[in-house]
2 protein chains.
Amino acid sequence: MTDHSTPDRIMDAAETLFAEKGFRGTSLRAITTTADVNLAAVNYHFGSKEALIRAVFERKVSPINRERLARLDKLETTGRGCDLDAVLDALYRPAVNRVMEHPEHMHCGPQLLARIHADRSDSLQATFTELFAEVARRFMLALEHCLPDLSAEERAWRFHFLIGIMVHAMTELGRQSRPHASPTGFHGELLRPASVDVFTSRLISFAAAGLRAPAPDTVEKTP
Amino acid sequence: MTDHSTPDRIMDAAETLFAEKGFRGTSLRAITTTADVNLAAVNYHFGSKEALIRAVFERKVSPINRERLARLDKLETTGRGCDLDAVLDALYRPAVNRVMEHPEHMHCGPQLLARIHADRSDSLQATFTELFAEVARRFMLALEHCLPDLSAEERAWRFHFLIGIMVHAMTELGRQSRPHASPTGFHGELLRPASVDVFTSRLISFAAAGLRAPAPDTVEKTP
DNA sequence: GTCTATATCCTGATAGAC
DNA sequence: GTCTATCAGGATATAGAC
């Protein structure tokens, strides 16, 4: 932990604190104190707090998205691009994997992801779009191949449902791993930690069934 | 808009700004300027910024949850407590309704709800738990009646999926209604606004299918 | 209840020695 | 690259006149 370079130490500390207190709720002083580096180091290495946020943002998300695209590529070159379960696996597994493989960071990773999705202030909007654009485009296309009978609008909404499931589930997953708080209170010991495989399967079986559901009537009903 | 009392004006302004800039990214000065009240009024009426956050939080969520419980009550007294689609309607419709019935606030309502779900810092944890505990308990029970064959663990996770779908979908819904930003970029004109009925049906058909999916194998697979 | 004025502290950022 | 010292501004909160 201490053998990292200064920028890495800063980003490690920032990642944890951002997850806990939010981007604007975390001061540079808190970050540099936790990272045990000088206050001026943040501006020296990153230029500004905003730039640091973007860097943390990107470091967290890019590897996951790269792996998603690589897995989708492989599916398509091996002719399994229309296997819905496999496509969902390519979407979900990299995120679940990244989150669960380092248990010591499991409490902050998902929480940070949730904040990334929730906080789309103007200053972060462009970064968000840039980081997820390719993944969104490619997987939307894949869904089009897997579910050709669905209208484009229905498919687009269901894609958003997929993302929502993942973000919220992983947040909850991270929350489970924090011993001091069972925040929502409405689960006893029910939500025990599971393996990456089990958890990914859980997501896929639910999501695939939802995606395959017949489209609802879009005709107005009179109440 | 101007005939509200001072506390109401403060909460209206705070709600909008919290949605846009986050809880900690919004200063009391920004709130009181927008609300056109004196800076000291916040502390006079609410005691502190934290208390204001909780008040806004509660004002936004409580009516929705009250309506959810009322609808569920009615279902159960009329013997439709095991109608999964109806139960989901009771969960989703109040939120969709509240968000879409005031189009002028649609850009901030969902965003605020998303932030509420994402920002579970220690200071807001207790408030969150308190506001959602009863709804979570009651609907978990309802799911148990609707889906008796599912394991308790599987049901608990799927309940979280339900919440994730709603939060993310409504965030996106709110984002659509903002003219100046098509943030994620991966939807052209596909996601047009829909009526409350249409959008609720969309949520229900996806969610119900997911809930009814056979439980995945929870046996470890060797990779 | 509302307002002005202010206290106290913390923020991000930077200048300049080493 | 790292550090100290400091700036200018903004934050919450409050005291006290009206």
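Note on naming: letters A, B, ... go to the chains in the order of the sequence lines (proteins, then strands), and numbering restarts at 1 for each one. Because the structure is a prediction, the values reported are computed rather than measured. Just so you know, these numbers use all the heavy atoms, side chains as well, and skip hydrogens, waters and symmetry mates.
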For [N], does either OP1 or OP2 sit under 4.0 Å from a side-chain N or O belonging to [X]?
| X | N | result |
| --- | --- | --- |
| A/Thr6 | D/dT2 | yes |
| A/Ser27 | C/dT11 | yes |
| B/Asn43 | D/dT12 | no |
| A/Asn38 | D/dG1 | no |

Atom-to-atom span, [atom1] of [X] to [atom2] of [N] - whole angstrom:
| X | N | atom1 | atom2 | value |
| --- | --- | --- | --- | --- |
| A/Leu17 | C/dT11 | CG | P | 12 Å |
| B/Ile53 | D/dA11 | CD1 | P | 14 Å |
| B/Glu50 | D/dA11 | CD | P | 16 Å |
| B/Ile31 | D/dT12 | CD1 | C1' | 11 Å |
| B/Ile10 | D/dA13 | CD1 | P | 13 Å |
| A/Leu28 | C/dT14 | CG | C1' | 13 Å |
| B/His45 | C/dT2 | NE2 | C1' | 8 Å |
| A/Arg24 | D/dT12 | CZ | P | 13 Å |

With a 4.0 Å cut-off on heavy atoms, is A/Ala41 in touch with a base, just the backbone sugar-phosphate, or nothing at all? nothing
Check every strand shown and say whether A/Thr32 touches a base, only sugar-phosphate, or nothing at a heavy-atom separation below 4.0 Å.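 Contact class for A/Thr32: none.
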Is the side chain of B/Arg24 donor-acceptor paired with the backbone N or O of A/Arg24 at a distance under 3.5 Å, no angle test?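 Looks like no, no N/O pair under 3.5 Å.
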If we ignore hydrogens and angles and just use 3.5 Å, is the side chain of A/Arg115 paired with the main-chain N or O of A/Phe18 as donor and acceptor?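 Looks like yes, one N/O pair under 3.5 Å.
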With nearest nucleotide decided by heavy atoms, which residue, A/Arg29 or A/Tyr44, maps closer to the 5′ end of DNA chain D?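 Nearest nucleotide further toward 5': that of A/Tyr44.
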Under 3.5 Å, is there a donor on one side chain and an acceptor on the other for B/Ser121 and B/Asp119?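 Side chains of B/Ser121 and B/Asp119: pair found under 3.5 Å.
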Check whether the ring centres of A/Phe132 and A/His117 lie less than 6.0 Å apart, and answer yes or no. yes
Compute the centroid of each ring, for A/Trp157 and then for B/Phe206, and state whether the two points are separated by less than 6.0 Å. no
